[in-house]
Amino acid sequence: MSAKEVPGDKYDSVVDLAKRRGFFWPSYEIYGGVAGFYDLGPLGTALKINIVNLWREYFVLKHQDIVTEIETPVIAPEVVLRASGHLDHFTDPIIECLNCGRKYRADHLIEENTGLKVEGYGVEELDRIVKERGLRCPQCGGLLGDVRTFNLLFKTTIGPYSSDVGYLRPEAAQGIFSAFRRVFISMREKLPLGIAQIGRVARNEISPRQGMVRLREFTIMEVEFFHDPEGDDPPWDRFSGKLRVLPAELRQRGGEKPIEIDVIEAIEEGVIKNRWLGYWMCVARDFVRELGIDYGDMFFEEKMPYERAHYSAQTFDQLVRVSRWGWIEVSGHAYRTDYDLRKHMEFSGEDMKVFKPFKEPKVVEVEKVVVDKAVLGRVLGPSLTSFLEVLKNVSVDDVKKALESSGETIAISGFRIPRSAVRIMKELEKVSGTKIVPHVAEPSFGAERLVLVVLDKAYSEEENRVVLKIPKKIAPVKVAIFPLLEREELVRVARKIYADLTALRLTVLYDESGSIGRRYARADEIGVPYAVTVDYQTLTDSTVTIRDRDTRQQIRVSVRDLYEKLLELLDLKLRVS
RNA sequence: GCGGCGGUCGUCUAGCCUGGUCUAGGACGCCGGCCUUCCACGCCGGAGAUCCCGGGUUCGAAUCCCGGCCGCCGCACCA
């Protein structure tokens with residue numbers, strides 16, 4: 001039985017089904033709705049939970065030796081996002097040309113056209129300058145609109161004081177970086193260490209579109225995988241093989257077709273710049289495949305440097321083909337290097353370095369920064385303490401660099417101190433290891449997008465009936481129980497089976513209304529993989545039929561074996577290979 | 001954010017141009033009853049619509065006008 005190819009309006013059918021049967025719909029509909037927010041209904045919630053758990057299976061449970069999971073708050077104090085760079089990269093004063101619609105950074109526009117330094121100016125001040133100077137659009141000479149801020153972070157206040165600014169996190173990562181030391185210690189201080197987090201994040205998108213694809217608030221599933229770039233190889237025996245990849249260099253030359261390349265080869269040839277990034281892409285490939293997406297409908301597109309986030313040295317988006325919008329991003333794979341930990345070290349003053357033992361201890365000549373506190377005390381006075389605190393996190397190289405500049409005084413981390421108060425000393429030391437800042441490879445998924453992708457992929461129409469061919473493992477309802485007819489003797493048996501299967505923790509649907517055909521159709525429409533029917537034969541020999549959603553074939557099993565048989569069919573039976 | 005198109009029971013839709021006959025019609029779905037021994041059967045009954053929201057024009061607005069919200073498409077934007 002071949003599924004009819006559903007044409008271009010398939011997405012509409014999916015959305016329609018989602019609303020009718022309770023997968024998802026726009027939030028706050030009774031008030032007209034708000035763009036970028038969606039509710040998950042009963043079935044959507046169940047489906048999402050199953051998808052999330054499958055993700056957990058791939059990224060956490062199959063990697064329990066190297067990945068652990070934590071949970072951190074949705075709200076972050078300002079300093080965290082200042083440290084991470086999100087405040088700088090997410091809050092821009094923007095001005096738009098009223099004539100041609102081009103958008104500019106207001107501060108850059110002013111600096112380039114007037115020579116004024118306006119860094120740190122507020123919106124009103126920038127707006128005033130633009131108006132006073134009569135600045136026009138540099139492209140078309142058109143009139144400019146008002147200066148506005150352009151901020152993708154949702155802002156709030158923590159506690160009763162408006163000065164305590166907080167933001168809804170735009171990614172789960174910053175909570176992980178902030179907690180890195182604690183987790184590292186509780187995981188007995190070993191690298192590599194993956195820290196996973198599943199949670200809600202919010203991004204105040206300018207104009208969210210594409211329904212469930214681009215949300216202002218969604219569930220992110222990510223792993224920050226901390227490792228030594230020179231450390232051991234990933235466990236290639238678990239996940240490896242070919243990836244479909246479209247490298248940036250190829251895109252630059254107009255290439256649109258991904259190449260197929262073995263992950264290890266891709267790393268050796270420098271196509272993928274970090275081994276763990278490549279490894280997690282393999283895991284992502286297999287995870288998404290188990291959601292029902294074929295290899296051919298999925299590939300990894302490398303982002304151009306200007307497309308990347310500020311923290312990323314290389315990014316691949318995992319794209320999946322859906323009916324209405326073509327290729328959409330379901331996951332991002334970023335090589336964040338040691339950027340985030342370094343930034344948090346700098347802002348918090350905490351040492352996030354990790355001790356990396358040498359194979360054998362060695363005696364080396366080390367350089368140390370030595371300061372003359374007597375001299376400094378006279379110059380800096382009470383701020384000496386804070387200077388010494390800051391100095392702990394300044395590298396020897398940075399001090400050297402400062403010493404290279406000319407003048408009586410030198411600048412270190414914003415402090416001006418006499419050159420004579422600082423010198424570099426060399427001494428011999430026995431060292432058994434070194435301290436490194438771990439590097440991070442980050443796979444990151446949007447859960448709601450996956451819900452949409454699964455439904456879009458699973459939706460099919462056969463003989464005017466809708467069948468949702470959701471992979472059995474993630475189907476929100478696993479089994480439907482029907483009495484063939486609404487007769488007391490059949491109903492009694494069917495209800496008993498329903499109660500038994502429910503007690504065994506299967507998600508079960510019981511339905512006795514309408515004809516048997518209608519009930520099969522209703523179950524097909526929400527993707528129930530198996531339907532168990534109690535008929536008159538059941539009353540004589542205690543057997544029931546199990547009907548397969550996709551083939552409509554029925555098999556007959558005894559009620560006693562039903563549970564085991566269903567587990568087997570649903571591929572839920574656990575075993576070691 | 002700009003431009004185009006659109007918004008009527010849960011869903012799809014009739015009605016809008018040409019204002020009143022609309023207490024807004026139908027189909028599907030849903031609920032109840034009858035019937036029925038396996039794939040949306042049939043019959044009977046029922047519930048279900050702020051006609052997206054607000055304002056205006058008019059004796060009278062689902063219908064005409066304005067503003068807003070939401071959606072789709074294009075542009076712009078997009079960690």
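All chains are named by letter (A, B, ...) in the order of the sequence lines, taking the proteins before the strands, and each is independently numbered beginning at 1. The model shown is predicted, which means the values in this text are computed figures rather than measured ones.
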Item to complete: If a pair satisfies ring-ring contact (aromatic ring centres under 6.0 Å, His included) and one of its residues is in residues 519-562 of chain A, list it, with sequence neighbours excluded.
Response: Phe482(A)-Tyr520(A)
Fill in: Whole angstrom value for the distance that separates P of rC31(B) from CG of Asp511(A)
8 Å
Discussion item. Tell me the interatomic distance from Glu512(A), atom CD, to rG33(B), atom P, rounded to whole angstroms.
Written reply: 9 Å
Response to the item:
Partner of rC72(B) under the Watson-Crick or G-U wobble criteria, both distances under 3.5 Å, comes out as rG4(B)
Item to complete: Taking atom C1' in both rC66(B) and rU58(B), compute the distance separating them and give it to the nearest angstrom.
Response: 16 Å
Item to complete: Whole angstrom is fine here: how far is it from CD1 in Ile526(A) over to C1' in rG29(B)?
Response: 14 Å
Worksheet item: Salt-bridged, Arg342(A) to Asp338(A), with N to O below 4.0 Å?
Response: yes
What are the atom names and distances for every N/O pair under 3.5 Å that joins the protein to nucleotides 47-53 of chain B?
| unit_1 | atom_1 | unit_2 | atom_2 | d |
| --- | --- | --- | --- | --- |
| rU50(B) | O4 | Ile30(A) | O | 3.3 |

Fill in: Identified pairing partner of rC59(B), criterion: Watson-Crick or G-U wobble below 3.5 Å
rG20(B)
Item to complete: In plain terms, say whether Arg251(A) and Glu249(A) are close enough for a salt bridge, that is, a side-chain N and a carboxylate O under 4.0 Å apart.
Response: no
Worksheet item: If you measure from the C1' atom in rU18(B) to the same atom in rC64(B), how many Å do you get, rounded?
Response: 11 Å
Worksheet item: Does any pair with a residue in residues 437-450 of chain A pass salt bridge (charged side-chain N to carboxylate O under 4.0 Å, His left out), and if so which ones, sequence neighbours excluded?
Response: Lys48(A)-Glu448(A), Arg200(A)-Glu448(A), Arg336(A)-Glu442(A)
Worksheet item: Which nucleotide, in any strand shown, forms a Watson-Crick or G-U wobble pair with rC12(B), with both distances under 3.5 Å?
Response: rG26(B)
Discussion item. With nearest nucleotide decided by heavy atoms, which residue, Gln537(A) or Pro26(A), maps closer to the 5′ end of RNA chain B?
Written reply: Gln537(A)
Practice prompt. Would you mind reading off the distance between Met304(A) atom CE and rC78(B) atom C1', rounded to a whole angstrom?
Written response: 16 Å
Protein and nucleotides 39-41 of chain B: nitrogen or oxygen contacts under 3.5 angstrom:
| unit_1 | atom_1 | unit_2 | atom_2 | d |
| --- | --- | --- | --- | --- |
| rC39(B) | O2' | Arg552(A) | NH1 | 3.0 |
| rC39(B) | O2 | Arg465(A) | NH1 | 3.4 |
| rC39(B) | O2 | Arg547(A) | NH2 | 3.0 |
| rC39(B) | N3 | Arg547(A) | NE | 2.8 |
| rC39(B) | N3 | Arg547(A) | NH2 | 3.3 |
| rC39(B) | N4 | Arg547(A) | NE | 3.4 |
| rC39(B) | N4 | Arg552(A) | O | 3.1 |
| rC41(B) | OP1 | Arg518(A) | NH2 | 3.2 |
| rC41(B) | OP2 | Ser515(A) | OG | 2.4 |

Practice prompt. Look only at the side chain of Asp535(A) and the backbone of Leu484(A), and say whether a donor-acceptor pair between them is shorter than 3.5 Å.
Written response: no
Item to complete: Among Arg552(A), Arg547(A), Lys469(A), find the residue that satisfies the salt bridge (Lys or Arg N to Asp or Glu O under 4.0 Å) test when tested with Asp524(A).
Response: Arg547(A)
Fill in: Atom pair distance, as rounded to whole Å: CG in Leu485(A) and P in rC34(B)
13 Å
Discussion item. Taking only the C1' atom of each, what is the distance from rG45(B) to rC59(B) in whole angstrom?
Written reply: 41 Å
Worksheet item: Can you name the nearest heavy-atom pair linking Ile220(A) to Glu222(A), along with the distance?
Response: CD1-OE1, 3.3 Å
Worksheet item: To the nearest Å, how far apart are Arg214(A) CZ and rC70(B) P?
Response: 15 Å
Discussion item. Taking rC22(B) as the reference, what is the distance to rC30(B) when you measure between their C1' atoms (whole Å, please)?
Written reply: 25 Å
Worksheet entry | Note: Glu486(A)-Arg519(A) ion pair, threshold 4.0 Å (strictly below) | no
Discussion item. If I pick the P atom on rA47(B) and the same atom on rC53(B), what distance separates them, to the nearest angstrom?
Written reply: 24 Å
Worksheet item: With rounding to whole Å, what would you report as the distance between rG74(B) and rU11(B) at their C1' atoms?
Response: 29 Å
Discussion item. Rounded to whole Å, how long is the line connecting atom CZ of Arg487(A) with atom P of rC34(B)?
Written reply: 11 Å
Worksheet item: Between rC70(B), rC73(B), rU11(B), which nucleotide gets closest to the side-chain atoms of Trp325(A)?
Response: rC73(B)
Item to complete: Quick one: label Phe482(A) by what it contacts on the DNA or RNA (base, sugar-phosphate, nothing), any heavy atom closer than 4.0 Å.
Response: nothing
Fill in: G-U wobble or Watson-Crick pairing nucleotide for rG45(B) (cut-off 3.5 Å, both distances)
rC31(B)
Item to complete: Determine, for Arg492(A) against Glu488(A), whether the closest basic-nitrogen to carboxylate-oxygen distance falls under 4.0 angstrom.
Response: yes
Worksheet item: With sequence neighbours left out, what residues match Arg285(A) under salt bridge (charged side-chain N to carboxylate O under 4.0 Å, His left out)?
Response: none
Worksheet entry | Euclidean distance, Glu224(A) CD relative to Gln197(A) CD, rounded to 0.5 Å | 9.0 Å
Fill in: All ring-ring contact (aromatic ring centres under 6.0 Å, His included) counterparts of Phe299(A), not counting sequence neighbours
Trp327(A)
Discussion item. Can you check the distance between rA62(B) and rG19(B), where both ends of the measurement are the C1' atom (answer in whole Å)?
Written reply: 10 Å
Practice prompt. Could you check which of rC73(B), rU36(B), rC38(B) has an atom nearest any side-chain atom of Glu486(A)?
Written response: rU36(B)
Worksheet item: Base, sugar-phosphate alone, or nothing: which one does Asp16(A) contact when heavy atoms must sit under 4.0 Å apart?
Response: sugar-phosphate
Response to the item:
By nearest-nucleotide position on RNA chain B, the 5'-leaning member of Val534(A) and Arg308(A) is Val534(A)
Discussion item. Tell me if the side-chain of Thr545(A) makes a donor-acceptor pair with the base of rC38(B), cut-off 3.5 Å, by modelled atom types.
Written reply: yes
Practice prompt. Could you measure between the two C1' atoms, the one in rC51(B) and the one in rU23(B), and give it in whole Å?
Written response: 14 Å
Item to complete: Starting from C1' on rC9(B), measure out to CZ on Arg20(A) and report it in whole angstrom.
Response: 15 Å
Worksheet item: Paired with rG54(B): which nucleotide, if any, by Watson-Crick or G-U wobble criteria at under 3.5 Å for both distances?
Response: rC66(B)
Response to the item:
Closest of rC38(B), rU36(B), rU11(B) to the Arg556(A) side chain is rC38(B)
